[in-house]
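Working notes, structure below.
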Amino acid sequence: MRVFSSIDELRHTLDALRRQGRTVGLVPTMGYLHAGHMELVSRARAENDIVVVSIFVNPLQFGPAEDLSKYPRDLERDATMLRQAGVNFLFSPGVEDMYPRPMLAVVDVPDLGRELEGAVRPGHFAGVATVVCKLFNIVQPQTAYFGEKDYQQVVIIKRMVDDLAVPVRVISVPTVRDSDGLALSSRNVYLSEAERRAAAIVPRTLDEAERLVAGGLTDPGELEAKLTAFLSREPLAKPEVVAVRDASTLQPVTSIAEPVVVALFVRVGSTRLLDNRVVGDNRVAGGARVIGGRGLPGKGVTR
């Protein structure tokens, strides 16, 4: 595995490989890798000749009071994991490499980016869309891989790619979970032992959503209220977003007649936990999930 921090050097190397007809897959990350990231890597390796993983803690997507300075970092550990997984190139630029001067040009999908998580993290998704667009321009992959845990992010990136005619196929990969159902996340290391036990209420709330919809509940407002009450059983959990939205567009729905995504953004202690599940869709278990208006290859059931 070769490691790059220079944009120009990585571009030059990848240009030569593309001229040979090699396909390139990109896995964008902020590092401190876990099994969820490695699932993305595994999928990218299976579908491309060359796999590039980027590790960049992007300051544009952090608010002024958020955890940019303490976000977990361990580049040596991450590089070892990627090397063992057969990754070809690690792109690990510094802030000065990605943003040598203050950014004046940004990419935003405001109608989607100001909803749900974006409502409590203003500017977050503009920062995400901007850095992903820049990574797409640098690496020029045929395919890029994102985890469904960040469902809203996948919808936004897919819409950005469609609207701007970016020649990248966005692949969503099902969430990887711990034994108690908690979605794997680099931020889980912030949780104390008591908080980690309390955090299991988040996936249990998604189980409850699935049970209620399967039982015939069709009123989205009632479902949101019941899920909020369910979360309140855990005193350490403070819900910031409990929302039921159209699974493809993230728009509000008046009735659960089509598949919906249940989106949760829950604070446990000082840690915000993000999770979601598509419910009311029997087709998910059998094939591709529709995210952002187009069927994307996936393994079906969330893990």
Rounded to the nearest 0.5 Å, how far apart are CG of Asn276 and CG of Leu274? 6.5 Å
Assess whether a salt bridge exists between Asp180 and Arg196, defined as any Lys/Arg side-chain N lying under 4.0 Å from an Asp/Glu carboxylate O. yes
Taking NZ, NE, NH1 and NH2 as the nitrogens, is one of them in Arg204 or Glu208 under 4.0 Å from a carboxylate oxygen of the other? no
What I'd like to find out is whether the side chain of [X] reaches to under 4.5 Å of the side chain of [Y], using heavy atoms alone.
X      : Y      : value
Ile55  : Phe91  : no
Val109 : Phe125 : no
Thr80  : Gln84  : yes

May I ask you to check if Arg77 and Tyr32 form a cation-pi contact, with NZ or CZ under 6.0 angstrom from the six-membered ring centre and within 45° of the axis? yes
Kindly confirm or rule out a cation-pi arrangement of Lys70 over Tyr190, judged by NZ or CZ under 6.0 Å from the six-membered ring centre and within 45° of its axis? yes
Using the rule given for side-chain hydrogen bond (donor to acceptor under 3.5 Å, both in side chains), can you reason through Asn48 versus Tyr145, listing the C-alpha separation, both sets of side-chain angles and the distance that settles it, and then say yes or no? CA-CA 11 Å; Asn48 300 275; Tyr145 298 80; 2.9 Å; yes
Path from Val166 to Val131 over hydrophobic side-chain contacts below 4.5 Å: yes
Option among Val53, Val87, Val176, Leu82 that satisfies the side chain to side chain contact (heavy atoms under 4.5 Å, CB included) test with Met38: Leu82
Using the side chain to side chain contact (heavy atoms under 4.5 Å, CB included) rule, take Phe146 and Val27 through it: C-alpha gap first, then chi angles, then the decisive distance, then the call. CA-CA 7 Å; Phe146 297 86; Val27 180; over 6 Å; no
Backbone N/O of His34 and side chain of His37: donor-acceptor pair under 3.5 Å: yes
Taking CG in Asp219 as the centre, count heavy atoms belonging to other residues, nucleotides or ligands within less than 6.0 Å. Is the count above 12? yes
